There are 2 protein chains.
Amino acid sequence: METAALVAQIQQKKSFLCIGLDVDLDKIPPHLLETDDPIFEFNKAIIDATHDLCVSYKPNTAFYEAYGVKGWMALEKTISYLNTNYSEQFTIADAKRGDIGNTSGRYAKAFLEDLAFDSVTVAPYMGKDSVEPFLEFENKHTILLALTSNEGAFDFQTQQVDAQELYKKVIETSKNWKNSHHLMYVVGATKAEYLQDIRRIIPDSFLLVPGVGAQGGSLEAVWHYGKNSQIGLLVNSSRGIIYASSGVDFAEKARGEALKLQQQMATLLA
Amino acid sequence: METAALVAQIQQKKSFLCIGLDVDLDKIPPHLLETDDPIFEFNKAIIDATHDLCVSYKPNTAFYEAYGVKGWMALEKTISYLNTNYSEQFTIADAKRGDIGNTSGRYAKAFLEDLAFDSVTVAPYMGKDSVEPFLEFENKHTILLALTSNEGAFDFQTQQVDAQELYKKVIETSKNWKNSHHLMYVVGATKAEYLQDIRRIIPDSFLLVPGVGAQGGSLEAVWHYGKNSQIGLLVNSSRGIIYASSGVDFAEKARGEALKLQQQMATLLA
């Protein structure tokens, strides 16, 4: 998907919401466990109930790998369902991969070509040749971890390198990589004020912002410090939406939570 | 597996060789493609032909994910085959995972408990709470990326943080994490002289050293700078062994290459 199509979708739906499909069989409604593929049935119901309120879905691969082959099959079915029925959605494989060049190429092909996600999250520690194989794919996006929303972000990401924090060094450096126009960045909402500095380095890039809601970040602060002329923001919510209810009304309740966020976003976008 | 059992195996076999099972269907002998599960058949033949010469096998998950559900099934069959028939082998899921705490816990369970690998490689960028969930597992090991063998290692890992390179900061910091005695570290052989500094920080830890052979590192230099009183080294070779031949003699030729490395190791260990 081209970035322009994502921007158009945001303007049309008045939403820059991304919904994280982090499916945990211990948390989904018990009646789904009797179906052949509870993970997919859960995702399908959530997607059908929320697709007009969000512009992006983001399955985190850890939750699928945790169920082995069955989990991987559910991931395949989920992305296929999205690509078939809601091809306007910007899909993100939240995989946080990264390896030496030829091996990263394998991950890139798996997520961007075979599974046909629009984008994949990638870790920067191994540098240029671990990320560039992802950037080769036309009309696909690589979402690089810059500043994450967890406590451990302060262990290394905010440490000073060359008189600036490591996460800024990562962003600066990545601008010089081949096909860097395919880059987006993960920036946690729990440090919304950091977005101001980041926007000086990458005024035009899209940012994927986790940590609003369950992790405590404020949507208004993210918008204030993070927006750009093309909106430039995807704000993710996972647990707060998909586990709004564990009853038979789970999809309806998820829609209710998504609607609250979409309405806040519409106000900010107005 | 306890570290003592790994050390005993090294002494018994006179080998600290790890064989990387990075299976590429474009490179394996064509006659295997006619079997139901070419990836597993290839691995099984390689393992049967080399198990007495090495102490560890390391499938890189990228090569399995590249084949989707079939790849994941081949990975499950491979680790199950190892655990059933060669339980003395120290098995490594080369996955380079890492995510926020509860999500990392999912990866940890998938690789260390469900698939029952002895260890998994983990990326450090997201810090303490992204790694500690892996460290909780008794008699399992978490192999943290410190200094990798690729060119991109110089982008961030060797940058100065607090008057030391980032990879040293990573190693120093990780020593304070809960259950840090379950940590091992990835240190690329292409920078063997760096091993001397690393040994000052972690004299007792095991190091997994890729990059000998195809990537140009020297086994003698790794031994010279990297060994400790408990040997403390696993040296990996992948392509140089498993793709020694693409004919029907591939397993025999792989054994030949493994034997060369094992004999060099025996000399060093003597």
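The figures that follow rest on heavy atoms only: side chains count, while hydrogens, waters and symmetry mates do not. So you know, we letter chains A, B, ... as the sequences are listed, proteins then strands, and number each from 1. Bear in mind that the values here come from a model prediction, so they are computed numbers and not experimental data.
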Taking every heavy atom of A:Ser149 against every heavy atom of B:Ile100, the minimum-distance pair comes out as OG-CG2, 4.4 Å
Under 3.5 Å, is there a donor-acceptor pair between the side chain of B:Tyr125 and the main chain of A:Ala146?
-> yes
Among B:Glu132, B:Lys128, B:Gln157, single out the residue with the greatest number of heavy-atom pairs under 4.5 Å to chain A.
-> B:Gln157
Could you have a look at A:Val170, A:Leu147, A:Asp162 and say which one has the most heavy-atom pairs with chain B under 4.5 angstrom?
-> A:Val170
Counting only heavy atoms closer than 4.5 Å, note whether B:Thr173 contacts chain A via side chain, backbone, both or neither.
-> side chain
Within 6.0 angstrom of A:Glu151 CD, more than 12 heavy atoms from elsewhere = no
A:Tyr67 side chain reached by B:Asp114 side chain, heavy atoms, under 4.5 Å = no
Sidechain N-carboxylate O distance under 4.0 Å for A:Asp99, B:Lys96 | yes
Taking all heavy atoms of B:Trp72 and all of A:Val69, pick out the closest pair and write down the distance.
-> CD1-N, 3.6 Å
Segment of B:Ala95 engaging chain A (4.5 angstrom heavy-atom cut-off) = backbone
Close side-chain approach of B:Gln160 to A:Val161, heavy-atom, < 4.5 Å = no
Is the shortest heavy-atom distance from the side chain of A:Glu65 to the side chain of B:Phe111 under 4.5 Å?
-> yes
Return the option, out of A:Pro124, A:Gly71, A:Ser130, A:Gly105, with the maximum number of heavy-atom pairs under 4.5 Å with chain B.
-> A:Pro124
Where the side chain of A:Asn150 meets the backbone of B:Met126, is there a donor-acceptor pair that is under 3.5 Å apart?
-> yes
What part of A:Thr103 is in contact with chain B, defined as an atom under 4.5 angstrom from a non-hydrogen atom: side chain, backbone, both or neither?
-> both
Proximal component of A:Asn102, with respect to chain B [non-hydrogen, under 4.5 Å] = side chain
Could you grab the distance from atom OH of A:Tyr167 to atom CZ of B:Phe156, nearest 0.5 Å is fine?
-> 14.0 Å
Taking atom NZ of A:Lys178 as the centre, report whether more than 12 heavy atoms of other residues, nucleotides or ligands fall under 6.0 Å from it.
-> no
State plainly whether the residues A:Arg106 and B:Asp24 are in salt-bridge range, i.e. N to O under 4.0 Å.
-> yes
Could you tell me which of A:Ala66, A:Ala62, A:Ala110, A:Gly127 has the largest number of non-hydrogen atom pairs under 4.5 Å with chain B?
-> A:Ala62
Side chain, backbone, both or neither: which part of A:Thr121 has a heavy atom under 4.5 Å from chain B?
-> neither
In terms of heavy-atom pairs under 4.5 Å, which option from A:Glu76, A:Arg97, A:Lys70 contacts chain B the most?
-> A:Arg97
Most chain A-contacting option - heavy-atom pairs closer than 4.5 Å, from B:Asp22, B:Asp94, B:Val131, B:Asp155 | B:Asp155
